[in-house]
Every structure is written in structure tokens, then in C-alpha cells.
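Beneath this line is the structure, given in C-alpha cells, with notes to follow.
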Amino acid sequence: MRLSELEAVVESLLFISGEAVPLSAIAQTIEMDKATAKAIIHTLADKYENEKRGIRIIEINGAYQMCTAAECFEYIRNMYKSPNRQGLTQVVLETLAIIAYKQPLTRAQIEEIRGVSAEHAVSKLVEKNLVCEVGRMDSPGKPIMFGTTNEFLRYFGFKNVSELPPLQETAESQVKDD
Amino acid sequence: MRLSELEAVVESLLFISGEAVPLSAIAQTIEMDKATAKAIIHTLADKYENEKRGIRIIEINGAYQMCTAAECFEYIRNMYKSPNRQGLTQVVLETLAIIAYKQPLTRAQIEEIRGVSAEHAVSKLVEKNLVCEVGRMDSPGKPIMFGTTNEFLRYFGFKNVSELPPLQETAESQVKDD
Amino acid sequence: MVKITVRLNAFEGPLDLLYHLIEKNEIDIYDIPIARLTDQYLEYLDAAEDRDMDGMSEFLVMAATLLEIKSKFLLPKPKNEEAEGVDPREELIQRLLEYKKIKDVTAEWRQCEEDAAFTLYKEADQAVKQLKENAPQSLEDYLQGVALEDLYLAFRQVMARKETKVDHVRSSFKTVPRDLFTVQEKMEYIRDMLILQPKTTFFSIFRKKAGRMEMVVTFLALLELIKRKEVQILQRMTFGEITISRFDGRDSA
């Protein structure tokens, strides 16, 4: 096998392994002695460095691992940032709306209104600090009552909850005694 | 940023991601339009190919993923001493082909074509993540519709579902009236 | 006649067997000698060594279809010329052609499958997964596009929904909907759900927007599947979550 082919094999081994590969394992796989294997790895590593590539090879305790170039880190982090991620879902939005208008209320009361489990939505809202515990209901089990946070008010830009848009038309009366 | 630097960033993104990265995500990360991003990716891919490197870049469904060069496969397998991949059975393969060419479709529709129950084959395909639910049919009972996944494309090395090997039309003209 | 021994499970179904007979006899698929093919098909079923009812039923359905087509040929043709155009074999021919197309293309797929096996991908390592999960998402990003107005609209929507749900009087005025759901379909639905999620919860088999009739039918379908020992249900404690899974052969009781 030609040297360039050996280099390609080493490159593929380091790429696929995802962890540090001991020099001995590489040497054995390409059927060369350790010194030769080491020379091949270093040639490849130097090439990456000289050509300012996006990947590098580092040595850890007699083993070798492929990794990203430090210069690229910011970009990698940017790629995984929020734009690709999901925003507020309809379920969470509705849950937030119910809490905003009906607070304070328990999870069971939310579920009674929405007809489905609110566990995930409420915990998401608590995690985002839009909703928090505001007390316990004086009933068996002392369930937690939820309300909106200052963070919520600050975001939506009104001074306190009483400034929520009023519910006019739609059968507001029916909503109350229910 | 210079072109070579952008290329390095793309290389690091593809190396690190562990899944196919959509062109749009790459373009956004390097703050370039899609056409430029695509050109950079293809330059890098060509370089790997021309220099007979141990890694390659393939396109899946408008996304890009780094993988090992086929020539290196035997060595990688030797290092891991892993057995050959077991191919799909004929039943499962035929079921998959029906789904791929006719997607989206329900299990009942698959069964109509093959004349036998597809339950086992479909569950095998779902388990292998080659097939997944892609929606519900707007008909009584809202049956689940199945379609193929990106893993399916990778498994066969297809770029996207519109580039599957064409179905042979068996001299349809002969069907005339006899 | 020479006795042949056949194993039906060597074939992937009635179409596969028919296709085999057509190839073996070098029959023109567009002009099938239906009587001969039917006889041969039935001989195969007769000679089959592995005749368990489960595997047989699909082969028997095809036998019935073949016999039906054969009988249509035996019937005297009506004088009416218009009826002449319809060949009783037409549907079967189309199904065989469709099946042949798939069967033929899978040979090519085999090659692709083999070639692609030489290409390997790696999974993202732990650090990247963490980067992905821990990427800070600001409240602005999370609530992007959500205005006070939306909150108000969402609340109205929820309340409106709740109202139509509890208003028995008004809903009783509605026209009676067609029987859109059958136990058979719902059984299929549950089977498919279990393909996607081998362990699923009792509640998830009911569609979110399911009406009362659909719920009742779904429940009946579940009971039927339990009776047929296709699925089993498990509840670890009183009022605990009920899980549904495919029957694994053991009695949970």
C-alpha cells in the first residue's frame, strides 16, 4: 500500500472512532510498526495544521484523536444556537394564556380547562421563568397554585396582570361561573 | 473571512455534527447565501475525492454529512473486528421499496399491493428507523401513513427520494385490449 | 402424477407464488391461461407441508379470487357488446405487474445496499449533544413572534373549545354524524401505534381530537385486541398509568 493510501486509512480510522485511538491499534490495523504509524499520523496532523483546516489531530497519552480546530468553535456554537430550535408551541401558549387570565390556579384546574395533561407545558413555563408557584390551595393535598412572574410582565410590557387585554365578547360570563 | 477560512469552518461543522446538516444551517452559520455555501461544500467534497482522502462528504436530501471513504471500509472493520452487515430480508426489502415509491401510504395500502400482512415488515422497518409515521390519512379511522427516513437514504446511498432507481415499466403498451 | 412437496413459507405470499408459477411456465403475463394457472396454484396449496391456518389464509383468499375469475370465463357471455371490453383477469394482471415492478427493482436495491455498507457515519459525541441541549435560548428567542394579542386569542380559543364541549343542549341539535369509525379500523390503528411505539400509554391510543363515538369505538377495539391476545395492558398501581404493549405470550394476570 502506498503512503498516501495509508494516510487515508488513518484519517478514516480517526474520523470514525469518535474517541482517542491508541497508536498500537492504528499500527496493527495498517500492518505497520509503531514508528511508521506514528510518522503517518504526524504527517497528517501537520498537513491539517499547515493548511489551516477545520479539523486537527491531537495526541492524548499515546493515543490520537480527531477534533475540531479551535478557531472554528464559535461557528460550531452558533450553529447549535436557537434559530433552529422550537419556540413556544400552541400547547404551551394556551397554557400560559390560561394561567395569565385565571391565576392563581392549580395544574388540575388548567387540565380541567384544556382537557389534556398540562404537566409538560407547565414545567416548560416554569423552566422559562414565565410562571411560578404563587401559593398552595387550601384543599386536600395542598396543590401548588401557579401564577405569572415579573419576567412575564416585563416581557409583555405591562405593569401588572390587571392590564391584560380584557375578555369582552365571547361568552365571558359563561367562563366565570364554571 | 477568506474563502479558505470558510472552508475550514464548514469542514469543522460537518466533522462535528454526527448527522446530516441542512444546507440552510451551514449557510446561516457562515453568514453566506445558500449558493455560496453549496459551492464551498462542493469544493471541499471534490478536494476529498481528488486527493483520495479517508473521508468524504455526501448529500442527503438537501443536507450534507461527512462519512468514511468506501476504500477504507475493510481496515475500519478490522480495527473493530465487526461482522458484515446483515442485509434486509426480501420481505422487508419489498415492503420498504413499496413505501419508498408510493409514500406516503398506509399499512392497508401496502398489504393491498403485496397481498400479505405487512405488520411484521413495517415494524421491523420502524425499528431500524428506515421508515416512520409521516401523517394521518384523512379518511375514516385516520390511519397512520408511513414514509421513508433520512436513515433510509443513507442506508442505500440514495441522495433523495426523487432519485430512486426507476421502476421498470413492463411494456405497458402490450396491455391493450386482447 | 409426481408428488411435489412445497413449503408455502418459501413464498412471500400468494402473489409471489403466482409469479413463480408464471415464470416457471413461461406464461405471458398479459394473457394468463387462467384455468391452468388456477389448477397449478391449487395443487401447490394441496401439496404444501406447512399448512397452518395463519399463513394459509392469504393464500386461500387468492385461490378464491382465481376461482372467481375462472368461473367468469365459464359463464356464457352476454349478447351485449359493451360488456365485452372487460377482461375478468384485468385486475389480477395489474396487481401482478405492480408486484413485478417492485420485485424487479429490489435487485438493484440489493446492490445499493451492499455498496452503501462500505460507507460509515459517526454519531455526534457527548460534547456536541450537550452543546446542542445547553445552547442558551433567550426568552426573546423563545417567545419570538408572540404578542399580548396572541395570548388573548389563545385564551379565547381554549374557552370557546371548552364551551362547545360542555354544551350538551346545543350539541344535541347537531345532525347525527355518520358512523365514521369502525372497530376494525381502530384495531388496525392500535396495531400501527404499537409498531411506532412498542409500549404506549392507554391515553395515547385516543386521538387528541377524538369525539365520544371515536373514543368508544377505540376502547372497544382495544378490548377486542386484548381478547384476541394481540395486546396486553399493565397498570402497576391503582390509578397509575396504564401501558399497552403487544402480547408477549405470557399472561400478565
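A note on names: the letters A, B, ... follow the listed sequences, proteins ahead of strands, and every chain is numbered from 1.
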Using heavy atoms and a sub-4.5 Å threshold, report which of residues 2-25 of chain A line up against chain C, by residue number.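 The residues closer than 4.5 Å to chain C, in numerical order, are A:F15, A:I16.
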
Does the side chain of A:E94 pick up a donor-acceptor pair with the side chain of A:Q90 at under 3.5 Å?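 Yes - a donor-acceptor pair under 3.5 Å links their side chains.
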
C:F59, CZ: over 12 other non-hydrogen atoms inside 6.0 angstrom: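 For C:F59, atom CZ is crowded (more than 12 foreign heavy atoms under 6.0 Å).
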
Should we count CG of A:N61 as having more than 12 external heavy atoms under 6.0 Å?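 Not more than 12 within 6.0 Å, no.
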
Checking A:E59 against A:H42 for the side chain to side chain contact (heavy atoms under 4.5 Å, CB included) test, could you report, in this order, the C-alpha distance in whole Å, the side-chain angles of both residues, the deciding distance, and whether it holds? CA-CA 10 Å; A:E59 189 183 342; A:H42 281 272; 4.2 Å; yes

Check each atom of C:F203 against the heavy atoms of chain A and say whether the ones under 4.5 Å are side chain, backbone, both or neither.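 No part of it gets close to chain A.
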
Salt bridge flag under 4.0 Å for residues C:E224 and C:R228: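 Salt bridge between C:E224 and C:R228, a charged N being under 4.0 Å from a carboxylate O: yes.
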
Is any NZ, NE, NH1 or NH2 atom of the basic residue among C:R110 and C:E114 found under 4.0 Å from an Asp or Glu carboxylate oxygen of the other?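 Looking at C:R110 and C:E114, the cut-off is not met.
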
